[in-house]
Amino acid sequence: MKRIVVISSTYRKGGNSEVLAEKFAKGAKDAGNDVKMIHLRDLKVGYCIGCMSCLKTGKCALRDDINEILPIIKNAEVLVFATPVYYYSMSGQLKTFLDRLNPLYGQQISFKQVYLLTSAAENSKSAMNGTISGIQGWIDCFDGVKLSGVVYGIGADAVGAIYDTDAVNEAYEMGKSVR
């Protein structure tokens, strides 16, 4: 059994990337894993101010919800990021969240696997390249962590359109494969 944290970055309830997050979580639970879902829309997370005090203290100087989330992320064995793709990149909410995870840099972390679930109106997987590059850049800051899989939810141009793609089943099966 693995401790998995799934982070949904969409602010749209029932949005396509959130559907993928829920399907991944269901697959992971069905495989016997311990899964926690985090919806960024439910958190108050401000922008990093670059003070870098977190590198000394291990926590953020800002007073919002990030310090409560840090131990959850740090102790997860698997992280899953779900994001809509806007202008060929991850959502601003996810980028802000990743920036705020800076207190984890240089610390002993448990996660070694990261999965990415994406949805976009575009019909080409290449539309996700900017998102993948951004996630990979974050991953590269942590020793021994790798991008273990990507779901390409292409052609999802309206709420619920993701159900007309193979991505929903791929997300479930990817979650189910984590052991």
Side-chain angles (χ1 to χ4, degrees), residues 1-43 45 65-66 68-85 90-91 93-98 100-101 104 107-120 125 127-129 131-156 159-179:
M1 179 178 80
K2 297 230 177 182
R3 291 181 314 278
I4 300 172
V5 176
V6 180
I7 297 100
S8 175
S9 70
T10 184
Y11 271 49
R12 184 167 65 179
K13 285 188 180 184
N16 294 317
S17 64
E18 184 171 274
V19 169
L20 296 177
E22 290 170 353
K23 293 299 180 179
F24 186 103
K26 181 170 178 10
K29 285 178 187 174
D30 288 351
N33 293 297
D34 177 28
V35 180
K36 176 167 183 57
M37 180 80 90
I38 296 173
H39 297 275
L40 294 186
R41 70 172 168 261
D42 296 335
L43 301 176
V45 178
D65 294 336
I66 205 69
E68 292 176 34
I69 299 299
L70 286 171
I72 295 168
I73 302 297
K74 181 180 177 177
N75 293 312
E77 295 171 287
V78 177
L79 296 179
V80 182
F81 298 114
T83 185
V85 174
M90 71 184 80
S91 69
Q93 298 86 260
L94 181 55
K95 177 61 171 111
T96 296
F97 182 74
L98 293 176
R100 291 296 304 286
L101 296 180
L104 298 178
Q107 288 196 21
Q108 187 71 21
I109 53 160
S110 297
F111 59 88
K112 298 300 176 198
Q113 296 175 289
V114 174
Y115 291 86
L116 176 61
L117 314 173
T118 61
S119 66
K125 287 182 177 181
M128 279 47 163
N129 289 348
T131 302
I132 294 166
S133 178
I135 293 293
Q136 188 63 58
W138 183 81
I139 289 169
D140 289 346
C141 294
F142 299 96
D143 291 335
V145 180
K146 68 176 187 165
L147 182 59
S148 298
V150 177
V151 171
Y152 297 86
I154 58 174
V159 175
I162 199 72
Y163 288 108
D164 297 329
T165 73
D166 295 332
V168 173
N169 188 53
E170 289 172 19
Y172 175 81
E173 291 299 327
M174 190 176 283
K176 195 173 176 183
S177 73
V178 178
R179 301 185 199 283

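This structure is a prediction, so every number in the text was calculated from the model and none was measured.
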* **Non-hydrogen atoms of Val159 and Gly14 that approach each other most closely** => CG1-O, 3.8 Å
* Asked: With distance as the sole test, does Thr118 use its side chain to make a donor-acceptor pair with the main-chain N or O of Val151 at under 3.5 Å?
  -> yes
* Asked: Quick check: does any side chain N or O of Glu77 sit under 3.5 Å from a backbone N or O of Ser110, one acting as donor and the other as acceptor?
  -> no
* **Spacing of OH belonging to Tyr172 relative to CG belonging to Asp30, to within rounding of 0.5 Å** => 3.5 Å
* Structure fact -> d(Met37 CE, Ile4 CD1) to nearest 0.5 Å is 11.5 Å
* Asked: At their closest point, which heavy atom of Gln113 faces which heavy atom of Val78, and how far apart are they?
  -> OE1-CG2, 3.3 Å
* Asked: In this structure, are over 12 heavy atoms from other groups packed under 6.0 Å from Asp166 atom CG?
  -> no
* To do: Look at atom NZ of Lys112 and say whether more than 12 heavy atoms of other residues, nucleotides or ligands are closer to it than 6.0 Å.
  => yes
* For Lys13, does its backbone N or O pair with a side-chain atom of Glu18 as donor and acceptor, under 3.5 Å? -> no
* Is there a side chain to side chain contact (heavy atoms under 4.5 Å, CB included) between Leu104 and Phe142 once you walk through the steps? -> CA-CA 9 Å; Leu104 298 178; Phe142 299 96; 4.0 Å; yes
* Structure fact -> Heavy-atom nearest pair, Ser148 first then Tyr115, reads CB-CZ, 3.5 Å
* To do: Give, for atom NZ of Lys26 and atom NZ of Lys176, the distance between the pair rounded to the nearest 0.5 Å.
  => 9.0 Å
* Asked: So do the side chains of Thr165 and Ile154 get within less than 4.5 Å of each other, counting heavy atoms only?
  -> no
* To do: Without swapping roles, check the side chain of Asn16 against the backbone of Gly160 for a donor-acceptor pair under 3.5 Å.
  => yes
* Any Met128 side-chain heavy atom under 4.5 Å of Ile132 side chain -> yes
* Are there more than 12 heavy atoms of other residues, nucleotides or ligands under 6.0 Å from atom CG of Asp42? -> yes
* Would you say Asn33's side chain and Val178's backbone share a donor-acceptor pair under 3.5 angstrom? -> yes
* Structure fact -> OH (Tyr152) and CG (Leu116) are apart, to the nearest 0.5 Å, by 8.0 Å
* Going from CD1 on Ile7 to NZ on Lys36, what distance comes out if it is rounded to the nearest 0.5 angstrom? -> 10.5 Å
* Structure fact -> Between the CD1 atom in Ile135 and the CG atom in Asp140, the distance rounded to the nearest 0.5 Å is 11.5 Å
* Is there side-chain contact between Leu94 and Thr131, with heavy atoms separated by less than 4.5 Å? -> no
* Structure fact -> In Ile73, Val45, Thr96, Leu43, the residue satisfying side-chain contact (heavy atoms from CB on, under 4.5 Å) with Ile66 is Val45
* To do: Decide yes or no on side chain to side chain contact (heavy atoms under 4.5 Å, CB included) for Arg41 and Gln93, but give the supporting numbers first.
  => CA-CA 8 Å; Arg41 70 172 168 261; Gln93 298 86 260; over 6 Å; no
* To do: State whether the side chain of Ser17 and the backbone N or O of Ser119 hold a donor-acceptor pair below 3.5 Å, judged by distance alone.
  => no
* Structure fact -> For Cys141 and Gly137, the nearest pair of non-hydrogen atoms, with its separation, is SG-O, 3.5 Å
* Asked: Does the side chain of Met90 come within less than 4.5 Å of Leu98's, by heavy atoms?
  -> yes
* Asked: Which heavy atom in Val5 sits nearest to a heavy atom in Ala76, and how many Å separate them?
  -> CG2-CB, 3.5 Å
* May I ask you to decide if the ring planes of Phe81 and Trp138 are parallel, tilted or perpendicular, using 30° and 60° as cut-offs? => perpendicular
* Structure fact -> Heavy-atom closest pair (Val85 atom, Ala127 atom, distance to 0.1 Å) is CG1-O, 3.6 Å
* Close side-chain approach of Phe97 and Ile69, heavy atoms under 4.5 Å -> yes
